[in-house]
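Naming convention: chains lettered A, B, ... in sequence-line order (proteins, then strands); numbering from 1 in each chain. For the numbers below, each heavy atom of this structure counts, side chains included, while hydrogens, waters and symmetry mates do not.
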Number of protein chains: 2
Amino acid sequence: MTENTTDSKKTGTKQKILKVATSLFCELGYNGASIRKIASQVGIRESAIYNHYKNKEEIFLEVSKEIFSSPFSTEDNDVREMAMKGKAFLNKFVMQYKLLTFDKNNENMFRLLMIELLQNAELREQFMTHFHDKNIKVLSEGFFIMMQNDLIRSQDPMVISYEFLSTLFYIRLQVTLLRFDAKSTNHLSTMFEKHLEFFWESIKI
Amino acid sequence: MTENTTDSKKTGTKQKILKVATSLFCELGYNGASIRKIASQVGIRESAIYNHYKNKEEIFLEVSKEIFSSPFSTEDNDVREMAMKGKAFLNKFVMQYKLLTFDKNNENMFRLLMIELLQNAELREQFMTHFHDKNIKVLSEGFFIMMQNDLIRSQDPMVISYEFLSTLFYIRLQVTLLRFDAKSTNHLSTMFEKHLEFFWESIKI
DNA sequence: GTCTATATTTGGATAGAC
DNA sequence: GTCTATCCAAATATAGAC
């Protein structure tokens, strides 16, 4: 009765495997993170892993689910309301994105995403659906509403959504690459704000 | 005397190894492209590979050199001259980029780049230097000249270069992902032009 | 659920004959 | 330069005892 308070209460071990696997996959990629290393870091033998997961691929796919569970976009409910505020809507989006970019966990996730994106078809599908399409949809809705309210120039909402999102993505990639080599990202930390400024000046009426 | 007319005339086999390796690395990444597979596809035994290359890493590094040898940016010499023409300068840049995006060879190179970017420090360095910095430099120069000639609004050239380049990169990534899964890229083939239109309208005076 | 032991495969690399 | 044969290491995965 008291167990299963959270909807999926896994064995401690299973959870630990997932946690360790996430960390190792993020750091080393799919091939680099061997069952050996995972088991060793969990503190069990390789064979014991197979009591919890069918194979390595199954572990990876469970890990990859978390990549897109992060709040990659504003919640759909208040898009209309927020969009009426124009720049504030975009500002919120940018700041959420910036937060994700500099968050240690999400940084690792993003790294894993980029490593496996070209090697795992299911991951590509997830990326297109849960990252790209989802964000373009939210942004397009926002821009459409702004146009209706004469806050911005009338244009194809899809096109400007693309413009807006792509720069955020590219900044994030840059940050990830630099941090991977422990290089400074100072000059990039203000890029998010500069992007917002440039963009708003470009589209506002 | 008649041999070595091109500066590095390799053995037919060595060239074939490089060609096959390039193709396999692009398709499968570093780990996926095994010496076994390379040798097999070349039509020789694994051991024979080692008559031409010290080890696998040496093959990969020779392959990766080609990634950035492609004309990733406009030639430096005529930047000033072209920039005076304003939009035409950007148009040339975009069209070159579009050409690369849909060129089969460069497509494979880009794929390899994305696969190994997060796993190979030397490649990251090359990416930053030969792709990002180089392009930002060329664009910044161009935008600076345009500002001097009152063709565009006065702004930080670096920032708008970033804005301009990032969208091109993102479109290219999208195209690469879609083509990998043999999906249609029709809706993206005009994105390059739309990007140029949006961007020019945003910055022109 | 975990262990030991082991099967099996794959990959990188070398030695030495031709 | 290529071949056969072989080595070694690492990785995924399974069987069966506890």
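- Only one option out of A:Y97, A:Y162, A:F110 pairs with A:F169 in a ring pair (Phe, Tyr, Trp, His ring centres under 6.0 Å); it is A:F110.
- Distance B:R45 CZ to C:dA17 C1': 15 Å, rounded to the nearest Å.
- Under a 3.5 Å cut-off, the side chain of B:N135 and the backbone N or O of B:F131 do form a donor-acceptor pair.
- Comparing A:I35 and B:G43 against DNA chain D, the residue whose closest nucleotide sits nearer the 5' end is B:G43.
- The A:S34 side chain lies nearest to D:dT12 when the options are C:dG11, D:dT12, C:dG1.
- Across the protein-nucleic acid pair, B:I44 atom CD1 and D:dG1 atom C1' stand 9 Å apart, rounded to whole Å.
- Atom-to-atom, CZ of A:R36 to P of C:dT8 comes out at 17 Å; the value is rounded to the nearest Å.
- Here the P atom of nucleotide C:dT14 and the OH atom of B:Y50 are 7 Å apart, to the nearest Å.
- No close placement of the A:Y170 and B:Y170 rings is indicated, their centers lying 6.0 Å or farther apart.
- The NZ-P distance, from A:K37 to D:dT12, rounds to 9 Å in whole Å.
- Proximity note for A:E46 (side chain, C-beta onward) versus C:dT4, C:dG11, D:dT12: the nearest is D:dT12.
- Note on ring orientation: taking the six-membered ring where Trp is involved, the planes of B:F199 and B:F164 are tilted (angle from 30° to 60°).
- Across the protein-nucleic acid pair, A:Y53 atom OH and D:dA11 atom P stand 21 Å apart, rounded to whole Å.
- Judged by distance alone with a 3.5 Å cut-off, a donor-acceptor contact links the side chain of A:S47 to the base of C:dT4.
- Rounded to a whole Å, the CG atom of B:N31 is 12 Å from the C1' atom of C:dG12.
- When the P atom of D:dT12 is taken as reference, atom NZ of A:K56 falls 4 Å away, rounded to whole Å.
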